[in-house]
Peer 1: 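I have a structure here, written as structure tokens, and I will follow up with some questions on it.
Note on naming: letters A, B, ... go to the chains in the order of the sequence lines (proteins, then strands), and numbering restarts at 1 for each one. In this text the structure is predicted, and so the values were computed from the model without any measurement.
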Amino acid sequence: MHLTEQERIRRSSLQELKRRGIEPYPAAAYPVTHRSRSLADAFEEGVEVSLAGRIMSRRIMGKASFAELQDGEGTFQLYLNRDVLCPDEDKSLYNDVFKKLLDRGDFVGVKGVTFLTQTGEQSIEVRELTVLAKSLKPLPAVKVDEDGKVHDAFTDPELRYRMRYVDLVVNPQVRATFEARSTVIRTIRETFDAKGWLEVDTPVLQAIPGGAAARPFITHHNALDIPLYLRIANELYLKRLIVGGFEGVYEFSRNFRNEGMDRTHNPEFTVMELYVAYKDYLWMMEEMEQLLAKVAHRLHGTHKVTLAGNEIDFTPPFRRVTMRDAILEHTGVDIDGLDEAGLRAACEGLGIETDASMGKGKLVDELFGEKCEHHYIQPTFITDYPVEMSPLTKAHRSKPGYTERFELMINGTEVANAYSELNDPIDQRERFESQLKLAERGDDEAMFIDQDFLRALEYGMPPTSGVGIGIDRLVMMLTNQTSIQEVLLFPQMRPEVFATGPDLGALEAAGVPAEWAPHVAAAGFETVEDLASIKPAGLREKLNGFRKKNKLDLPALSLEDVESWMTNA
RNA sequence: GAUCUCGUAGCUCAGCUGGUUAGAGCAUCUCACUUUUAAUGAGAGGGUCCUGGGUUCGAGUCCCAGCGGGAUCACCA
């Protein structure tokens, strides 16, 4: 294994700690009395404290040193004085262990007494120092100067996402984003629980991927020998629970869609879906206004949030615009009364590409998506979607051809989608059948018919309103992030390829003498496959050349030697 | 999937129209230093210039292919 100089030094420090009888990875719990931020907030001098965390920096000045200890809350300054830490003759804990054998990134526990330095910095004078875990790889050396400017920032997105653990250690704002994410989810959960709604779990593996229009991931169940789909939505299951008599159910659902990835899409993402009986989409709009205002206020202490240079105001009520008016306003096209041909002509007149698989719903969707969506920066409910693009939504109470649906747009992006749920089983069956026709026309995202769901509706579902909130996007909106990868701890990445290194055992098994195997690998033939990729004569020539160049104390190889390995390979 | 763009030390980055032994700051190592805070001062080590081809007397630099990332687009929430 290739180690950098810094890694080799840390490993030798590790061995030296062990040699001195200091366990670098002790098993025992370390008793902690305080943590950094709460200690700073209620600071008093002369208090005995015990903290644990990572050493994030050291400023060594001979017989005294300062260090930054980073724990789960933040950082706190340590002051280590040689003669305080080591009051007896033996000064090795300070001189050797702290100054030489410990590094930035190591976990330690300290016991000591709080005090203020001459410059007024809250500090702990360390009386006891315990090694808790040695770090063998150096952390990126991020520094912040007195103006708050960050130097040598760890910013490479690939490294940050692949090694989120490092990102979290050195970039406090990243930790803050994920704490905010947790606060968003917790606030929603507390709000819903207080209203008596039930948090439920429904299947992730589904035989029919329903509830949304998207391409699913397919897997296979061996015992049943059937294909199963990772859920693209949980909507149909939650509605079954409303049929079953629960009056309010919600689920934070990890959904999976086998589609593109970009700064607003990840193959797996989180939607909070809520269904409440005896309500409609008008009620749901008010409910969402109150919820988002509460979440924003919990995070920021205000309803006004900065996002990508805009101030987003979550103060209720939010603006409401019908889909028809939105399209009329931004394109001059009145979709009311237009048939499929008319819509297609309107799209093409605006430079929107269409194809034969697109029905009325899809065409309206294109008009809105291309020409309107990005205009809605402030929270806005877009309401009353055409029936063709909403197969699970109840027909509008007074506008024929439309449904009782809204989407909440923030910063030009859809954050929530809600309906007065379709509970007429006959209408629902017809909607599914028209989806089937779309599928026959080539729309590979048209919904499957879920016969069991239809049966459930036939038993009767009360009037219900449902909503799905894109949690990842909502967190983006509330934490001023423009990439979904910044709000997912482990965003999807192409799998990393690790250098496997030479397989000496396999080389020897193929007949390569043990004394030759490392040299064969060093010459570039690391695996049996590598051996098989070249003619014996060529291999012999290269290896003997390598032997001569590196003055190996080994007999030259004969063609027979090499041929015998190849036969075994 | 398409287009553009990037890949140089542990980290952040220079490296000109191709030209000696590839540089800087931080980090690391050695020494000094008892209230510092981007600690300081002196010295030292550290490189598969992403990989593989090609052009050339000569490639980190130019060309081709590949791998990986980012951005834009398509699909989508």
Peer 1: Checking Arg405(A) against Tyr385(A): charged group under 6.0 Å from the ring centre and within 45 degrees of the axis?
Peer 2: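 Yes, Arg405(A) sits over the ring of Tyr385(A).
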Peer 1: Which whole number of Å gives the distance between the P atom of G68(B) and that of C31(B)?
Peer 2: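 46 Å, rounded to whole Å.
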Peer 1: Please list, by residue number, the residues of residues 110-122 of chain A whose heavy atoms come closer than 4.0 Å to an atom of RNA chain B; answer none if no residue qualifies.
Peer 2: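 Correct list: Phe115(A), Thr117(A), Gln118(A), Thr119(A), Glu121(A).
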Peer 1: State the CE-CG distance between Met409(A) and Asn417(A), to the nearest 0.5 angstrom.
Peer 2: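 Those atoms lie 10.5 Å apart.
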Peer 1: Evaluate whether atom NZ of Lys137(A) has more than 12 neighbouring non-hydrogen atoms of other residues, nucleotides or ligands under 6.0 angstrom away.
Peer 2: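 Not buried by this count: 12 neighbours or fewer within 6.0 Å.
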Peer 1: Figure out the CZ/P separation between Phe98(A) and U34(B), and round it to whole Å.
Peer 2: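 Atom-to-atom, Phe98(A) to U34(B), this comes out as 15 Å.
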Peer 1: Using side chain to side chain contact (heavy atoms under 4.5 Å, CB included) as the criterion, list what pairs up with Glu45(A), not counting sequence neighbours.
Peer 2: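 Glu45(A) satisfies side chain to side chain contact (heavy atoms under 4.5 Å, CB included) with Phe43(A), Phe115(A), Leu116(A) only.
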Peer 1: Please check the phosphate of U36(B) (OP1 and OP2 only) for any side-chain N or O of Arg59(A) closer than 4.0 Å.
Peer 2: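 For U36(B), neither OP1 nor OP2 has a side-chain N or O of Arg59(A) closer than 4.0 Å.
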Peer 1: Is any side-chain N or O of Gln77(A) closer than 4.0 Å to OP1 or OP2 of U35(B)?
Peer 2: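 For Gln77(A), the contact criterion (side-chain N or O under 4.0 Å from OP1 or OP2 of U35(B)) is not met.
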Peer 1: I would like to know whether Arg473(A) and Phe269(A) meet side-chain contact (heavy atoms from CB on, under 4.5 Å); could you show each step before the answer?
Peer 2: CA-CA 9 Å; Arg473(A) 288 185 176 179; Phe269(A) 62 105; over 6 Å; no
Peer 1: Return the value, rounded to whole Å, for the distance between atom CG of Asp156(A) and atom P of G70(B).
Peer 2: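 Computing the Asp156(A):CG to G70(B):P distance gives 9 Å.
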Peer 1: I'd like to check the side-chain hydrogen bond (donor to acceptor under 3.5 Å, both in side chains) partners of Asn266(A); sequence neighbours left out, ordered by chain and number.
Peer 2: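 Counting only residues at least two positions away or on another chain, Asn266(A) forms no side-chain hydrogen bond (donor to acceptor under 3.5 Å, both in side chains).
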Peer 1: Just jot down the side chain to side chain contact (heavy atoms under 4.5 Å, CB included) partners of Glu348(A), sequence neighbours excluded, or say none.
Peer 2: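 Scan of Glu348(A) (side chain to side chain contact (heavy atoms under 4.5 Å, CB included), adjacent residues dropped) gives Arg344(A), Thr354(A).
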Peer 1: Walk along nucleotides 23-33 of chain B from 5' to 3' and tag each nucleotide B, S or - by protein heavy-atom contact under 4.0 Å, base first, then sugar-phosphate.
Peer 2: --BSBSS-S-B
Peer 1: For Pro267(A), which residues count as a side chain to side chain contact (heavy atoms under 4.5 Å, CB included) partner, sequence neighbours excluded?
Peer 2: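 Once residues adjacent in sequence are excluded, the partners of Pro267(A) under the side chain to side chain contact (heavy atoms under 4.5 Å, CB included) criterion are Phe217(A), Met261(A), Gln492(A).
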